[in-house]
Protein chains: 2
Amino acid sequence: MAERKRPKPGETREKLMNAALTLVGKGRHFASLGIREVTRQAGVVPTSFYRHFRNMDDLGLQLVDELGLVLRRMMREARANVLQADKLIDESVGIFISHARNNRSFFMFMAQGLAGESRAVQEGIRSEMRYFASELANDLRRLKLADHLSDADLDMTCDLVVRSVAFSLTDILVISPEDEYQEGQVRKRTARFLQLIFVGAAHWNSRPE
Amino acid sequence: MAERKRPKPGETREKLMNAALTLVGKGRHFASLGIREVTRQAGVVPTSFYRHFRNMDDLGLQLVDELGLVLRRMMREARANVLQADKLIDESVGIFISHARNNRSFFMFMAQGLAGESRAVQEGIRSEMRYFASELANDLRRLKLADHLSDADLDMTCDLVVRSVAFSLTDILVISPEDEYQEGQVRKRTARFLQLIFVGAAHWNSRPE
DNA sequence: CACATTAGTGAACACTTGTACACATCAGTA
DNA sequence: TACTGATGTGTACAAGTGTTCACTAATGTG
């Protein structure tokens with residue numbers, strides 16, 4: 001009687017992960033979420049939590065995995081849409097920001113996790129960033145856009161690029177999602193950061209200290 | 001009888017702030033700390049908390065203020081010790097990293113707060129960073145090290161520098177404090193990031209697209 | 001000295017929390 | 001068809017939570 005008709009498998013699991021994301025999206029910090037709170041938000045009884053996760057850290061880890069998918073999707077879109085090399089930066093930043101807007105909670109979770117409580121989540125996110133940076137380096141190599149740089153220097157450059165963009169998250173996520181003016185400002189500033197870095201990269205070997 | 005001899009004023013306040021920092025230093029996230037937990041760590045009865053702080057956010061805000069002092073002290077030391085322009089980056093990064101080592105909990109709090117739960121703390125830390133960046137810009141102007149850059153471009157450059165260094169916090173704070181090798185790696189990488197940025201700044205106007 | 005203020009204490013409150021247990025339902029398989 | 005494992009539910013409990021209250025001792029000021 002109190003039993004509703006059986007949901008498809010994994011549905012509750014997803015509900016729980018979405019619930020955690022929703023709470024994060026509302027401004028809560030992941031580290032301060034409790035099991036009961038999440039299950040409440042998911043509309044599920046507390047005990048169900050343990051059917052899918054050991055504890056909150058475990059849930060966090062699985063969120064990192066999903067975050068990886070989101071990032072890969074973004075990368076794919078960027079590769080498909082960034083055609084002319086001269087618009088590379090602006091387009092990429094645009095795609096990043098629109099993804100951050102459309103997956104606000106996910107990116108909030110990412111920003112939080114970088115200095116979060118769970119070492120494992122922290123490492124997971126850092127690892128995603130490393131992967132992202134190495135893919136970026138590959139793309140630039142393929143496009144012959146950085147032929148004068150050694151592999152190590154190109155890696156470093158891409159690392160710095162990814163970090164700068166990631167830091168912009170803290171800019172985007174504090175402004176309200178509707179504030180298009182501020183969003184434009186962040187977009188412009190981020191793009192200029194990247195331009196500055198690439199100018200540096202372009203002259204790197206000619207003045208390597 | 002249960003009353004110990006009266007401590008000097010503000011002592012408990014300090015004990016509470018230190019207790020929070022200690023817990024953060026042990027790996028806890030500030031957002032997950034509770035009033036009782038902090039008072040317990042401070043060796044003080046829970047009610048005492050309210051004599052000094054409204055709630056945990058309030059304590060966080062006051063920690064930001066202290067963080068500001070730490071940063072200013074660091075800045076002063078950097079200004080006093082960085083003599084030759086050619087060693088500017090390496091020396092500054094060194095000073096930063098040694099401060100991060102000696103005030104680990106403080107800098108952990110800073111890294112956490114950037115994407116923390118309290119909007120006010122977040123804004124406080126961002127404001128400290130802006131101040132830091134503007135002071136850096138002033139120093140560079142004074143040293144005539146960036147004469148070819150417009151004020152806005154110099155500000156942007158310093159902003160990027162400060163962000164990059166701040167991001168390095170997440171590198172330093174995950175490695176154990178005794179691991180000197182890894183610390184050296186972070187130091188080297190951070191320094192190269194800054195070099196790359198300054199090379200970019202040096203060639204900025206000559207290729208501003 | 002008298003007195004208001006400040007900064008500490010302990011007891012009590014109504015909730016919330018994580019977790020354990022026993023039980024119910026469904027899906028797939030032998 | 002009967003069994004089994006996975007996934008859901010409800011109840012229960014001990015421990016921990018934020019906050020209020022009334023009380024006490026030391027401090028600074030008139």
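Order of the sequence lines sets the chain letters (A, B, ...), proteins ahead of strands, with each chain counted from 1. Hydrogens, waters and symmetry mates play no part in the numbers below; they use all other heavy atoms, side chains included. Predicted model only: the values in this text are computed from it and were never measured.
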Original post:
Any Lys/Arg nitrogen of B:Arg119 or B:Asp57 sitting under 4.0 Å from an Asp/Glu carboxylate oxygen of the other?
Top reply: no

Subject >> Value in whole Å for how far the P atom of D:dG16 lies from CZ of B:Arg40 >> reply: 7 Å

Original post:
When all nucleic acid strands are considered with a 4.0 Å heavy-atom cut-off, which category describes B:Arg54: base, sugar-phosphate, or nothing?
Top reply: nothing

Original post:
Which of the following nucleotides, C:dG10, C:dA7, D:dG18, is nearest to the side chain of B:His52?
Top reply: C:dA7

Original post:
Any side-chain N or O of A:Thr47 under 4.0 Å from OP1/OP2 of C:dT19?
Top reply: no

**OP:** Determine, stepwise, if the pair A:Ser176 / A:Asp179 fulfils side chain to side chain donor-acceptor pair (under 3.5 Å).
**Re:** CA-CA 6 Å; A:Ser176 100; A:Asp179 194 336; 5.2 Å; no

Subject >> Distance below 4.0 Å between A:Tyr50 side-chain N/O and C:dT19 OP1 or OP2 >> reply: yes

Original post:
Is there a donor and acceptor pair, one atom on the side chain of B:Arg36 and one on the base of D:dG18, closer than 3.5 Å?
Top reply: yes

**OP:** Could you tell me the separation between the CD atom of A:Glu37 and the P atom of C:dC15, rounded to a whole number of Å?
**Re:** 18 Å

Original post:
B:Phe49 has an atom CZ; how far is it from atom P of D:dT19, in whole Å?
Top reply: 8 Å

Subject >> Protein-nucleotide distance (B:Asp57, atom CG; D:dG18, atom P), rounded to Å >> reply: 13 Å

Original post:
Can you tell me how far C1' of D:dT17 sits from CE of B:Met56, to the nearest Å?
Top reply: 13 Å

Subject >> Lys/Arg N to Asp/Glu carboxylate O, B:Glu180 vs B:Arg187, below 4.0 Å >> reply: no

Original post:
Could you state the NZ-C1' distance from A:Lys15 to D:dT9, rounded to the nearest angstrom?
Top reply: 12 Å

Original post:
A:Phe53 CZ to D:dA6 C1': how many Å, rounded?
Top reply: 15 Å

Original post:
Cut-off 3.5 Å, side chains only: do A:Ser32 and A:Arg28 have a donor facing an acceptor?
Top reply: yes

**OP:** Grab the CD-C1' distance between A:Glu11 and C:dC26 for me, whole Å please.
**Re:** 14 Å

